[in-house]
Amino acid sequence: GAMASDEDFFNRSGHYHHVAQGGFRKAFSNRFGIVLNGLYRYDPLFVHTADVQVKTVIQNAAWVGLGYRTDKTCIGLIGFRAKQLQIGYAYELPVQGSTHANSGTSELIASYKFKAPKTKATKQVKKPVLKSLNIW
């Protein structure tokens, strides 16, 4: 920070925030499961925010869900998994009275799991069963 200006941004107070998150996954059958998760963010400079999401997981390969953020934003989620690659899309839509945004935003999510699950006996890649519900 001192290289670009005289300000030492490492020692400024008030720029720290804390985040707590948690979730729950439950498979109801071999084809259907549900994921609930939440996030709480505390920042002394801004208001406290909380996110809550619920997703329906279909055959451990696709999901669709909804979310809500306390700054009055609704979120739609959709995605799929192909082997080790997960691709998703989220659209955030502020509702009337939103304090932080006045138009919708899009988010593209991509993740890749480098190590595929393997069976112990054959060492071959196995298709995850819904009992293990791999999607968050």
Side-chain angles (χ1 to χ4, degrees):
M3 292 171 62
S5 69
D6 292 335
E7 183 180 8
D8 186 4
F9 64 87
F10 287 113
N11 292 320
R12 286 187 289 180
S13 62
H15 288 22
Y16 301 99
H17 65 269
H18 305 281
V19 176
Q21 64 184 32
F24 174 77
R25 298 183 290 185
K26 173 71 174 162
F28 293 104
S29 72
N30 288 336
R31 296 177 180 244
F32 170 75
I34 194 164
V35 176
L36 300 168
N37 55 26
L39 179 136
Y40 175 77
R41 181 178 301 126
Y42 168 75
D43 186 331
L45 296 178
F46 300 103
V47 297
H48 309 270
T49 58
D51 295 346
V52 178
Q53 293 181 1
V54 60
K55 292 182 232 177
T56 301
V57 179
I58 302 106
Q59 293 187 329
N60 222 2
W63 67 90
V64 62
L66 294 172
Y68 182 75
R69 186 174 300 127
T70 55
D71 67 356
K72 300 183 180 174
T73 303
C74 291
I75 305 160
L77 310 150
I78 191 166
F80 68 94
R81 184 183 63 79
K83 296 186 182 181
Q84 294 157 256
L85 177 67
Q86 290 187 27
I87 302 288
Y89 175 76
Y91 184 75
E92 297 183 12
L93 180 65
V95 295
Q96 188 173 10
S98 176
T99 56
H100 296 294
N102 56 9
S103 65
T105 60
S106 295
E107 182 177 332
L108 183 63
I109 303 111
S111 65
Y112 185 82
K113 189 172 185 176
F114 287 99
K115 188 173 182 180
K118 298 190 184 276
T119 62
K120 290 183 180 180
T122 63
K123 300 291 184 193
Q124 294 179 357
V125 174
K126 67 177 180 179
K127 183 177 179 183
V129 295
L130 192 57
K131 289 181 1 184
S132 63
L133 203 59
N134 302 51
I135 294 171
W136 272 105

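If you're wondering where the values come from, they're calculated on a predicted model, not measured in any experiment.
- Interatomic distance, L77 CG to Q53 CD, rounded to the nearest 0.5 Å: 5.0 Å.
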Next on the checklist: Run T70 and H48 through side chain to side chain contact (heavy atoms under 4.5 Å, CB included) and show every step you take.
Outcome noted: CA-CA 8 Å; T70 55; H48 309 270; over 6 Å; no

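- Note that the CD1 atom of I58 and the CZ atom of R31 stand 11.5 Å from one another [nearest 0.5 Å].
- The aromatic rings of Y112 and F114 lie perpendicular to each other, with more than 60° between the two planes, well past the 30° mark.
- Here the closest non-hydrogen pair linking E92 and R69 is OE1-NH1, 3.1 Å.
- Note on L85 and F80: same hydrophobic cluster, where clusters join Ile, Leu, Val, Met, Phe, Trp and Tyr whose side-chain heavy atoms are under 4.5 Å apart, directly or indirectly.
- Contact record, G88 with W63: CA-CZ2, 4.1 Å, taken as the closest heavy-atom pair.
- Among all heavy-atom pairs drawn from R81 and Q86, the shortest one is CG-CG, 3.7 Å.
- Of all the heavy atoms in I75 and A90, the pair that sits closest is CG2-CB, 4.4 Å.
- G104 approaches Y91 most closely through the heavy-atom pair CA-OH, 3.4 Å.
- Here the side chains of E107 and I109 are in contact, with some heavy-atom distance below 4.5 Å.
- With rounding to the nearest 0.5 Å, the separation of OH in Y40 from OG1 in T49 is 8.0 Å.
- Both I78 and L93 are part of a single hydrophobic cluster, where members link through side-chain heavy atoms under 4.5 Å apart.
- Here the CD1-CG distance, from I87 to L108, works out to 6.5 Å after rounding to the nearest 0.5 Å.
- Rounding to the nearest 0.5 angstrom, the gap separating the CG atom in D51 from the CD atom in Q21 is 10.0 Å.
- To the nearest 0.5 angstrom, R25 atom CZ is 13.5 Å from I34 atom CD1.
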